[in-house]
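Along the sequence shown, residues are numbered consecutively beginning with 1. Side chains are part of it too, since the values below use all heavy atoms of this structure and drop only hydrogens, waters and symmetry mates. Everything quoted here is computed from the prediction, not taken from an experiment.
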Amino acid sequence: ISQNLKNVHSFHDACKQNGIVPGTRVISVSSVPADLTDQKELGLKSGDRVIETLRVRMADGVPGVLERNHFSMAFAYLEDADLNGSLYSLLRDYGIEPKDATHDISLTYAREPEAGMLEVAAGTPLMKLHEVIYDQRGRPLHNSFQLIRGDRFIFRI
C-alpha cells in the first residue's frame, strides 16, 4: 500500500486507491484518562478522558497496521459506532472533515502482544507513525499512534 502523507486519507481509502481490499479488526473501544500527550495535542486538561480506539487494519486479509487513536469526549458516540470501516467516513456523516495533519515517523521493533496482532515475530522492525489530525476548522480532531509493517506499506512524502 502506498500512501501520500501530503493529504489526509483514511487507511480504507489508501487501500482502495491501490486496488487492495481493506479490512478492520476492532480490538477495543473505551474511555481512558487523557495522558500528557493528549492534553498537549488535543487541548485537554488534567483529569479529562479520551475515547481510545484500538484496531488492526488489514490489507487483502493481511494485518498491516495496528492503530491506536485518541479522541476527545466530544466523540463519545464512537464507543457505540461500527468501527469496522473507515473512521473518516463515519466522521464525515457527522459533518467532520479531516483536513490536515502532522506526522512523525520513526523505527521501532515489534513486542508482544503487538507482534501477535500484526502476525510478525517479536523483534521485527516496524514503522511507528504518530499523527495529529485536524478538522476543516483547524481544530485537533484526534491523535494516532500506528505500528506499521514496512513489508506492507510505503509512505510518499
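Across G85 and T24, no two heavy atoms sit closer than the pair O-OG1, 4.1 Å. When all heavy atoms of F71 and T53 are compared, the closest pair comes out as CE1-OG1, 4.5 Å. Taking both residues in full, the closest heavy atoms of I51 and S72 are given as CG1-O, 4.3 Å, listed atom of the first, atom of the second, then distance. In this structure, I20 and A59 approach most closely via the heavy-atom pair CG2-CB, 3.6 Å. Heavy-atom minimum distance, V26 versus L83: CG2-O, 3.6 Å.
One finds the CZ atom of R137 at 8.5 Å from the CD1 atom of I96 (value rounded to the nearest 0.5 Å). Residue Q39 holds its CD atom at 10.0 Å from NZ of K45, rounded to the nearest 0.5 Å. Annotation: the span from E67 atom CD to I148 atom CD1 amounts to 9.5 Å, rounded to 0.5 Å. Atoms CZ and CG, from R55 and L66 in turn, are 11.0 Å apart once rounded to the nearest 0.5 Å. The NE2 atom of H130 sits 10.0 Å away from atom OG of S106, with the distance rounded to the nearest 0.5 Å. If you take OG1 on T37 and CG on L44, they are separated by 11.5 Å, rounding to the nearest 0.5 Å.
Both M58 and L54 belong to a single network of hydrophobic side chains, linked directly or stepwise wherever heavy atoms of I, L, V, M, F, W or Y lie under 4.5 Å apart. Taken together through direct or relayed side-chain contacts under 4.5 Å among Ile, Leu, Val, Met, Phe, Trp and Tyr, V32 and V132 form parts of separate hydrophobic clusters. Linking ILVMFWY residues whenever their side-chain heavy atoms come closer than 4.5 Å, directly or via other members, places V29 and L141 in the same cluster.
With hydrogens and angles disregarded, no donor-acceptor distance shorter than 3.5 Å links the side chain of Q146 to the backbone of M127. Listed for the R49 side chain is a donor-acceptor partner under 3.5 Å among the backbone atoms of S31. When atom types are taken as modelled, the side chain of D80 and the backbone of Y77 share no donor-acceptor pair closer than 3.5 angstrom. Here the side chain of D60 pairs a donor or acceptor atom with the backbone of V21 at under 3.5 angstrom. Side-chain atoms of Q136 come within 3.5 Å of backbone N or O of E97 as a donor-acceptor pair.
Proximity of T102 to Y134: side-chain heavy atoms (C-beta onward) are separated by under 4.5 Å at one or more points. Contact check for L78 versus L90: side-chain heavy atoms found under the 4.5 Å cut-off. With a 4.5 Å cut-off on side-chain heavy atoms, L42 and N143 count as touching. Between H103 and L129, the closest side-chain pair of non-hydrogen atoms falls below 4.5 Å.
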Side chain to side chain contact (heavy atoms under 4.5 Å, CB included), that's the test. Do M73 and D48 meet it? Break it down for me. CA-CA 8 Å; M73 291 306 292; D48 284 348; over 6 Å; no
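Counting heavy-atom neighbours within 6.0 Å of L107 CG, excluding the residue itself, gives a total above 12.
Remark: D151 engages R149 in a salt bridge, criterion side-chain N to carboxylate O under 4.0 Å.
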Which side-chain N or O atoms in residues 109-124 pair as donor and acceptor under 3.5 Å with protein atoms at least two apart or in another chain?
unit_1	atom_1	unit_2	atom_2	d
T124	OG1	A121	N	3.4
T124	OG1	A121	O	2.7

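Inspection of the S144 and N69 side chains reveals an N or O donor paired with an N or O acceptor under 3.5 Å.
Ring-plane geometry between H142 and Y88 is classed as tilted, the angle between the planes lying from 30 to 60 degrees on a 0 to 90 degree scale.
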